[in-house]
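In what follows, a structure is listed as structure tokens, so that the remarks can point back to it.
Naming convention: chains lettered A, B, ... in sequence-line order (proteins, then strands); numbering from 1 in each chain. Quick caveat: nothing in here was measured; it's all calculated off a predicted structure.
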Amino acid sequence: MYKIINKSVKRIDAYEKVTGKAKYGADLNLTHQLYAKTVYSKYPHAKILKIDTREAERLEGVVAVITAEDVPGNNIMFGKFPVLAKDEVKYIGDGVAAVAAESREIVEKAVRLIKVEYQKLAGVFNIKEAIDKNNGKVHSEIEDNLIEHSHHLLRSGDIEKGFKEADVILERTYQTQFVDQAYIEPEAIIVIPDPYKVGVEIHGSIQNPYSIRTNVATVLGLKINQVKVVQSTIGGSFGGKDESVMLMAARSAIIAMKTGRPVKMVLTREESFLESSKRHASKAKYKIGAKRDGTIVAVENNVYTQGGAYNNKAMFVNWRASIHAAGPYAIPNIKTDIYGVYTNTVYGGAYRGFSAPQIVFANESLIDELAEELNISPQEIRIKNCLKPGDELGTGQILLPGKIPAPLEKMINNVCKKTDFESKRKKYIKERESFNPIKKGIGLSCTFRGAGLGGEGIDSASATVTIDIDGSILIQSGLVEMGQGMRTAHAQIVAEVLGVSLDRITFCNTDTSVTLDCGPTVASRGTLAGGNAMLIAARKLLDRLHKRAAIMLDCNIIDLVSENNFIFNRLDKSRKLTFKEVVEECLKGQGLSLSAQGWYTPGPEKLSSETGRGNAYPTYSYGASVIELNVDTQTGKINVEKIVAGYEIGRAINPQIVKGQFYGGILQGLGYALIEEVRNKDGYLETKNYDDFLIPSSFDMPEMEVTIYESDDPVGPFRAKSVGELGIELMAPAVANALYNATGKRIRELPLNLERVLLGKTLRK
Amino acid sequence: MQNFNFIRPDNLEEACDLLVRYKDRAKLITGGTDLIIALREEKLPNCLEIIIDISNLKELNYIKEEGKYIRIGSGVRHAEIANNKLIKKYAPVLSMASSVVGSPQIRNKGTIAGNIITASPAADTIPALIVLDSILVIRKGKEKRKMFLKDVFEGPNKVNLKSDEIVCEIYFEKLPLGAKSNFIKLARRNAVDKSRMNIAVVAQQNKNKEITNIRISVGSLTPIPERFKDAEDLLLGKLPTQDLIQKAGKKIAEEMINKSGYRWSTEYKEPVVKSLIDRVLNGIVEVE
Ligand SMILES: Cc1cc2nc3c(=O)[nH]c(=O)nc-3n(C[C@H](O)[C@H](O)[C@H](O)COP(=O)(O)OP(=O)(O)OC[C@H]3O[C@@H](n4cnc5c(N)ncnc54)[C@H](O)[C@@H]3O)c2cc1C
């Protein structure tokens, strides 16, 4: 019934990317540009006694050196990030000065001529040290190292009563590591002094143009609209190109204003590892109570996320965690507390999943441990407890049939049936005793995920759609394309509404001076919220076109249909006009506007801050997966052989892109489970490049079988909801569960690397 | 990045002359897969003036059979060695090792001499070349000298080659008829990763199944690549049993601790080397 959506059309930006025409931030060059570079801290925590810039300034070709003293407006940005550290460095990636010179070579030389005198200070480097009162403070004004507004809770039922009713109670602690988003393109920024008025124009690898604009404006002491941000083609971001590019943009903008010249700053891979955000490390204490028959009666958890030196995400990450921490199960009594702490280390930020990888690892490992304790199968315990139509979430929100789907039972059963889960699981337990050191294992996990921002913020989105005289259509979203395929989904939505072929549509990168501020491109909301904005804009235009066409065809507006580039009377199909004819008449004949803003807002979600209860999200996506692996019990090497997964996502606007998101997410999830780890030693970063920070290669990719479940969820455009992040979170617990099945060893800390799998414990250098 | 001049001589003669003239102010480059990284990290001597590109020299690019020897030009790339018929026939252990270096890109660029001279404890071709008892042909100006490969290493990433010397050839005796060899690499990921451990072995049994020839080398275990003579002696002349093989593995683990000390990774490597020795030998030896 659909003409354009629900089809795997080719990406509208594929040609430019494949042929190299699409420019990335680092590809942009302007005449008279300066090359800027940051001088980073030498210590994880130290007082700055003196910064001597004289020698650098004397170097031929150096044009400007800035320190905190040179910041015209506010030196402190959202999340306490200083543009440049003033009196104290709080982690190894703090910038203390920035230099701009005529060439890259000169600036590389100049940064080494900046002499900084430090007085080393003791620091706190992990969650344990941060919580412990005697270990010192990261920010002098914060006694307990607790990140502001990062404590989120959920209270449901009566937790004490719940545990009293339980026949079995388990208490477990799970830990996860910092990981880097590991995008191929390192961060790049170019700032151009506005040639016509006071202000700057910023291009670069920017995931969230509007927050960069706001922050840079405060730094420069300008009005928001004196700063214009244009997104370059982005070579991967996954949440990462945010704080680091904010810092780069702020420093470069100060230099651009000061010198009147364009300033370019491109990070090396090492600088990117040093200065960009990571997925928060975490430590999660769980307590679960259940009846003999497997009915879960109570879950209590206490989760700490490690925020690093500065943080502008823990308050959001932890809120999402608080809603999902008890898992996709109907549990009458829940007590959840999530906290974020400051440490003198690299900092946590957004990374695909946004708390889910940590939480789901803990919770889905725990469910298997409980099943084992009760001698029930992992499938059965999930089927017994998983969210079903009509169930109430811990937040009190009800999964009303017809409104919010709850298909997990079917999905879990399907992945198990497809993989012959139960009989393999039993077989592999028997084979644990066999002579062969290579053991096989099978593991299950499932999840649910609130779609969009929900109560985290207002999920509004903007779009601008403009039809030109030749019938071509320009779309521009306030949300950004960073490889996920959002732009193609948007184009498909607009083409479907207007009844035109996709080749008429051209995209435009996000430009803050054109499209309205609608927050960051996060929370898998690009299609959900952004697509709704496109839908609204396109419908406005269709309405204008049909009003005119009705007059031209002398018929009733309700009888008009747009399809295949024609607008016709459905009662008499010979009465038709081409799309272009109607456009020409509107624009030339009548002087009408064929440009429309789409603004979508679901309005605020209503939640209580005392209990965390209320409608957290408008709807949820779901996933279930089974992993089959083998593990070499003599080396600890895990080889994942096969993954069978199902995801419920409403409707796939572009099934191929949706599957691509899942394949990529699955592999990224396996990297998290098995090999990835950003290591800090006493605050010093040990993993600085891809020789140490390993991510999966194509040879590590298992066979994958992904099923997309569609539903009639009414929230998103054409019933589409969230896809982007869902793929990643099922992997770590499924691997840990499969490892247990293979070996009888339960490992509660990620990654499941050679040493941990062999010895069951962590080895540290 | 350090500054330097880049010279590409037309023949080996010229390359040798340049080296003699510039000594430690010069560095050779072949594939560049190690050198470029060192350059970017500024780990080369400050006095560096020129980089001499010898990657095009035909004189260093051959694999040939000469009587009982196989001779490999120092500039031969891993991909060629991995697929070469002579190597597959007479020294399969080397072919196996070369085929797991890095990725196709790295194997198409990286050379055997580069792997040796970088002398990383995790290098993949070194244990294979060690069990082949390889010999290096080294040239300085017009003078030539030979040296056992095992003697070139001084420590991790350190070789005792003079700055005006160039490795021209690596050669070794063909493995005798009936000798078997094996190589395994353990790494954290399945491609483009340095070995956590690698093992090269050669073994031969007579018709009574007694071991008549045994050579074992393990990478990433000891500061200097070597054959594990104690373990070899344990096996030599014996009828191999599972018990004996396990004892050999134990010997190697002991030697690792003696030579490298008890390090953070020992707790892991000790059991693993025992198991892998067991596995690599069982792959080629007929056990009682
Ligand atoms: C991504 C990546 C993955 C890798 N994976 C592996 C791996 O899995 N296993 C492994 O063993 N190695 C690996 N390496 C290391 C490297 O590829 C090998 O060591 C390779 O063999 C080096 O050869 P090259 O020709 O590139 O040496 P170059 O970088 O050109 O030179 C290395 C050194 O050898 C010297 N040199 C070169 N030729 C001569 C000569 N004829 N005489 C005297 N000195 C000479 C140079 O001066 C320099 O000091 C990897 C490297 C990278 C970048």
Side-chain angles (χ1 to χ4, degrees), chain A residues 103-109 112 182 268-270 435-438 629-630 632-641 667 670-671 673-677 679 681 686-702 751-765, chain B residues 1-4 33-34 36-42 46 99-100 102-107 118 120 122 184-199 218 220 242 245-246 249 253 262-283:
Chain A
S103 75
R104 239 175 58 188
E105 290 74 19
I106 298 171
V107 81
E108 275 171 21
K109 212 182 258 175
R112 285 180 232 194
T268 63
R269 182 64 64 189
E270 289 84 352
F435 179 70
N436 190 347
I438 314 284
L629 54 75
N630 67 63
D632 185 336
T633 54
Q634 293 180 333
T635 62
K637 179 82 179 358
I638 292 175
N639 280 305
V640 178
E641 294 172 352
L667 199 60
L670 288 178
L674 297 171
I675 48 178
E676 293 173 16
E677 179 167 27
R679 291 192 312 273
K681 191 172 187 199
E686 291 187 321
T687 40
K688 296 178 182 156
N689 209 326
Y690 288 132
D691 53 343
D692 279 322
F693 186 78
L694 298 179
I695 59 173
S697 75
S698 54
F699 279 82
D700 300 273
M701 192 160 78
L752 302 168
N753 60 23
L754 301 177
E755 292 83 0
R756 252 182 218 120
V757 172
L758 187 78
L759 305 170
K761 64 175 188 183
T762 309
L763 289 187
R764 299 229 186 271
K765 263 184 215 171
Chain B
M1 187 88 133
Q2 285 164 273
N3 281 326
F4 55 86
T33 60
D34 283 321
I36 299 286
I37 294 167
L39 257 180
R40 191 173 164 273
E41 291 176 349
E42 309 196 342
N46 279 333
S99 71
V100 295
S103 60
Q105 297 93 321
I106 296 295
R107 291 194 291 276
T118 298
S120 157
I184 41 179
K185 167 168 180 161
L186 170 67
R188 295 182 187 278
R189 111 179 129 190
N190 296 335
V192 216
D193 194 12
K194 46 182 171 278
S195 287
R196 193 82 186 85
M197 191 181 293
N198 52 21
I199 306 186
V218 188
S220 295
Q242 292 303 355
I245 287 177
Q246 273 174 23
Y262 204 92
R263 309 177 61 216
W264 72 273
S265 56
T266 310
E267 193 176 348
Y268 174 77
K269 284 186 176 174
E270 193 184 350
V272 171
V273 73
K274 288 182 196 163
S275 307
L276 291 185
I277 286 288
D278 196 306
R279 198 176 291 178
V280 78
L281 284 175
N282 269 293

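Checking side-chain atoms of B/Y268 against main-chain N and O of A/R756 turns up no donor-acceptor pair under 3.5 Å. With hydrogens and angles disregarded, no donor-acceptor distance shorter than 3.5 Å links the side chain of A/D700 to the backbone of B/R189.
Atom CZ of A/F699 is surrounded by 12 or fewer heavy atoms from other residues, nucleotides or ligands within 6.0 Å. The 12-atom threshold is not exceeded at CG of B/N3, counting heavy atoms of other residues, nucleotides or ligands nearer than 6.0 Å.
At a 4.5 Å heavy-atom cutoff, the contact between A/E270 and chain B is made by side-chain atoms alone. Both the backbone and the side chain of A/D691 come within less than 4.5 Å of a heavy atom of chain B. Using a 4.5 Å cut-off between heavy atoms, B/R196 contacts chain A through its side chain alone, with no backbone atom that close. In this structure, the portions of A/I695 lying under 4.5 Å from any heavy atom of chain B include both its backbone and its side chain. Both the backbone and the side chain of A/L754 come within contact range of chain B, judged by heavy atoms closer than 4.5 Å. Only the side chain of A/K761 comes within less than 4.5 Å of a heavy atom of chain B; its backbone N, CA, C and O stay farther away. With a threshold of 4.5 angstrom between heavy atoms, B/K194 approaches chain A through side-chain atoms but not through N, CA, C or O. Interface residue A/E755: backbone and side-chain heavy atoms are both found under 4.5 Å from chain B.
Among B/A187, B/P271, B/S103, the residue with the largest count of heavy-atom pairs under 4.5 Å with chain A is B/A187. Comparing B/R40, B/R263, B/K269, B/K274 by heavy-atom pairs within less than 4.5 Å of chain A, the highest count is held by B/R40. By number of non-hydrogen pairs under 4.5 angstrom with chain A, the leading residue of B/V272, B/I37, B/V192, B/D278 is B/V272. For the options A/N753, A/I675, A/L758, A/L694, heavy-atom pairs under 4.5 Å to chain B are most numerous at A/L694.
Counting all heavy atoms, side chain and backbone alike, B/R279 lies closest to A/Q634 at NH2-OE1, 2.8 Å.
Using a 4.5 Å heavy-atom cutoff, the side chains of B/N190 and A/M701 are not in contact.
Rounding to the nearest 0.5 Å places CG of A/D692 at 9.5 Å from CZ of B/R188.
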